[in-house]
Number of protein chains: 2
Amino acid sequence: MPQPSAQRRGRPPRISREEIVEAARRLVDEEGVAKLTMRRLATQVGSTPMALYHHVRDKEELLVLLLDDYAARTLRRPDLPADPRERVIVVAAAIREALAGCPWIVEVLTADDLMSESALWFNENIVDGLIECGLTPEQAVHAYRAIWYYTAGEMLVRAASARRRARDDRPTYRDRVFAALDPAALPRLSALGTRWAPLTAEDTYLDGLRALVDGLIARAAG
Amino acid sequence: MPQPSAQRRGRPPRISREEIVEAARRLVDEEGVAKLTMRRLATQVGSTPMALYHHVRDKEELLVLLLDDYAARTLRRPDLPADPRERVIVVAAAIREALAGCPWIVEVLTADDLMSESALWFNENIVDGLIECGLTPEQAVHAYRAIWYYTAGEMLVRAASARRRARDDRPTYRDRVFAALDPAALPRLSALGTRWAPLTAEDTYLDGLRALVDGLIARAAG
DNA sequence: ACCTGAACACCGTTCAAGT
DNA sequence: ACCTGAACACCGTTCAAGT
């Protein structure tokens, strides 16, 4: 068992965990998550791939570290309105805004649930707002969960379409399908026709969020 | 330009698109998406990796093909209740049930939005139910979108936690954090304590869905 | 038209050795 | 204790050639 205190022994470290995470963040910001590989990152910090494994267990851990770093650095706590229902809206919208700013986070979010310790303030305030609206603590956790599903889904779906648009700009399979529907079988979609695409491209996150929160509070009360 | 009709020329094909998709489905069902590689798939159909590229453009296209195949094969159309609100619930729940049965679909869903042509019946009926509840077509599309975000998010988050549970069963970072919270800073979460984990593990999809649909209809009316 | 072989440009990670 | 080099066991895809 190594001595935790006392003078440190052995070869002094040349790279630190912080240095690695910082380089990873730069790499992701400049070239995208796809370019974040252990080998690239190693050359970025002026070392070898295997030196990294002395500071992080594997790539997965590195991604979680990166998520924590991002959360601590960019989650700005909003001013809280007095009205508890509005508080829930404002806090959820703040989470969403932070996520929208970095689509790469998707990969990590589906690898580890929600966020780091520094994000718990957001959980706390959503749950608190819901309880003040009359939910029991249990109902509040379930309602929080529903809000998180909605928020995560919006971000994931939106990030995916953005990626697809960036890749190829052929008129999308979907558009072609919608342009030639059978009005007898699918009357509503046919009537919508080419309006479907622009309508689904609109940002209606807040409207949906308000509807969801209203519904959650009403159901818990009734 | 090649002749589409007339007698076919050149070497006869030894593998077909269908055969490839079928083998891919088997591979994914038996070993998981991670094991679906062009090389593995090639040996599975008794051919070489490059033969596949004669039938599908790239791996991405193969995944979309696989999604279509899955949709056509397992999306069972539910009986539609007379009440339009209940219709929306039933159809959304059917989509969710189909998705829950195959977590690998996550990768493809975030690669291409929603589903294949055979899934449009579901879109149609959700939009129709919403319009019959009094929404304008535009509101109905936006409401459909909100339902899709919620449903996709639920599935993605749930699939991610399942994957994590399957990998390592250490008491999860999250549990440890929740066991030692500062009650002054985070009173609600502290009070919940260890109940957080089991509460968020409960399946409350339908409750959240009903709340969302109620809220969407109420907001559109008001 | 359809398939093959060899090659390119990569991955994450392990293992044994060096300082 | 920390780092290196070489190697393992893979990837998706391109290109030139064969039948």
Side-chain angles (χ1 to χ4, degrees), chain A residues 1-21 23-24 27-28 31-66 104 107-108 111-112 163 167-168, chain B residues 1-21 23-24 27-28 31-66 104 107-108 110-112 163-164 167-168:
Chain A
M1 213 168 177
Q3 293 283 83
S5 65
Q7 64 288 59
R8 300 197 283 131
R9 317 282 244 82
R11 192 167 167 172
R14 286 152 59 110
I15 51 175
S16 67
R17 227 169 136 105
E18 289 77 45
E19 210 179 330
I20 291 172
V21 172
L27 222 167
V28 165
E31 313 203 49
V33 228
K35 291 291 168 73
L36 176 61
T37 69
M38 299 304 267
R39 287 158 193 270
R40 263 184 133 82
L41 182 55
T43 67
Q44 206 73 197
V45 300
S47 187
T48 64
M50 282 323 298
L52 302 179
Y53 284 89
H54 223 271
H55 300 268
V56 301
R57 188 152 61 97
D58 52 18
K59 196 182 177 182
E60 174 94 25
E61 190 183 83
L62 177 66
L63 287 173
V64 174
L65 250 30
L66 210 51
W104 62 265
E107 335 270 303
V108 192
D112 192 0
R163 230 179 310 146
R167 216 181 22 240
D168 48 19
Chain B
M1 213 164 176
Q3 293 284 81
S5 66
Q7 62 289 60
R8 300 196 283 131
R9 320 280 244 85
R11 190 168 170 173
R14 287 151 59 110
I15 51 173
S16 67
R17 227 168 135 104
E18 289 76 46
E19 209 178 332
I20 291 172
V21 172
L27 223 167
V28 165
E31 313 203 49
V33 228
K35 291 290 169 72
L36 176 61
T37 70
M38 300 303 267
R39 288 159 192 269
R40 263 184 132 82
L41 182 55
T43 68
Q44 206 72 195
V45 300
S47 186
T48 63
M50 282 322 299
L52 302 180
Y53 284 88
H54 222 270
H55 300 268
V56 301
R57 191 153 60 95
D58 52 19
K59 196 181 176 182
E60 173 95 23
E61 190 182 83
L62 177 65
L63 287 172
V64 174
L65 249 32
L66 210 51
W104 62 265
E107 335 270 304
V108 192
T110 58
D112 192 359
R163 230 179 309 144
R164 200 172 48 260
R167 216 181 22 239
D168 48 18

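FYI, side chains are in, hydrogens and waters are out, and symmetry mates aren't considered; it's all heavy atoms of this structure. Residue numbers start from 1 in every chain, and the chains themselves are labelled A, B, ... in the order their sequence lines are given, proteins ahead of strands. Bear in mind the structure is a predicted one, so any value in this text is a computation, not a measurement.
C:dA16 is paired with D:dT4 under the Watson-Crick or G-U wobble criterion, all donor-acceptor distances under 3.5 Å. Under the Watson-Crick and G-U wobble criteria, each requiring two contacts below 3.5 Å, nucleotide C:dC10 is left unpaired.
Rounding to whole angstrom units, CG of residue B:Asp58 and P of D:dT14 are separated by 8 Å. The nearest whole Å value for the distance from the CD1 atom in B:Ile20 to the P atom in D:dG12 is 14 Å. Between the CG atom of B:Leu63 and the P atom of D:dC11 there is a distance of 15 Å, given to the nearest Å. Rounded to whole Å, atom P of D:dT14 lies 10 Å from atom CZ of B:Arg57. Rounded to whole angstrom, the span from the CG atom of A:Leu62 across to the P atom of C:dC11 amounts to 14 Å. Remark: P of C:dC2 and CD of B:Glu19 are 14 Å apart, rounded to the nearest angstrom. The CG atom of A:Leu52 sits 12 Å away from the C1' atom of D:dT4 (whole-angstrom rounding). Per the geometry, NE2 belonging to B:His55 stands 16 Å off P belonging to D:dT13, to the nearest Å.
Only the C1' atoms considered, C:dC3 is 13 Å distant from D:dA16, to the nearest whole Å. Taking atom C1' in both C:dC8 and D:dC11, the straight-line distance is 12 Å, to the nearest Å.
Side chain of B:Glu31 to main chain of B:Leu27: no donor-acceptor pair is present (N/O by atom type, distance under 3.5 Å, no hydrogens or angles). Side chain of A:Arg17 to main chain of A:His55: a donor-acceptor pair is present (N/O by atom type, distance under 3.5 Å, no hydrogens or angles). A side-chain donor-acceptor contact under 3.5 Å links A:Thr37 to the backbone of A:Arg40.
With respect to the salt-bridge test (charged N to carboxylate O, under 4.0 angstrom), the residues B:Glu19 and B:Arg14 do not qualify.
Taking only side-chain atoms of B:Ser47, from C-beta outward, the nucleotide of C:dT4, D:dA6, D:dT13 with the closest atom is C:dT4. Comparing atom distances between the A:Met38 side chain and each of D:dC3, C:dC11, C:dG12 picks out C:dG12 as nearest. For B:Thr37, the listed nucleotide lying nearest its side chain is D:dG12; candidates were D:dT4, C:dT13, D:dG12. Among the nucleotides C:dT4, D:dG12, D:dA6, the one closest to any side-chain atom of A:Met50 is D:dA6. Checked against C:dG5, C:dA1, D:dC2, the side chain of B:His54 finds its nearest nucleotide in C:dA1. For B:Tyr53, the listed nucleotide lying nearest its side chain is D:dT13; candidates were D:dT13, C:dG12, D:dG5.
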I would like to know whether B:Ile20 and B:His54 meet side chain to side chain contact (heavy atoms under 4.5 Å, CB included); could you show each step before the answer?
-> CA-CA 11 Å; B:Ile20 291 172; B:His54 222 270; over 6 Å; no

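If you find the closest nucleotide of DNA chain C to B:Arg14 and to B:Arg39, the one lying nearer the 5' end belongs to B:Arg14.
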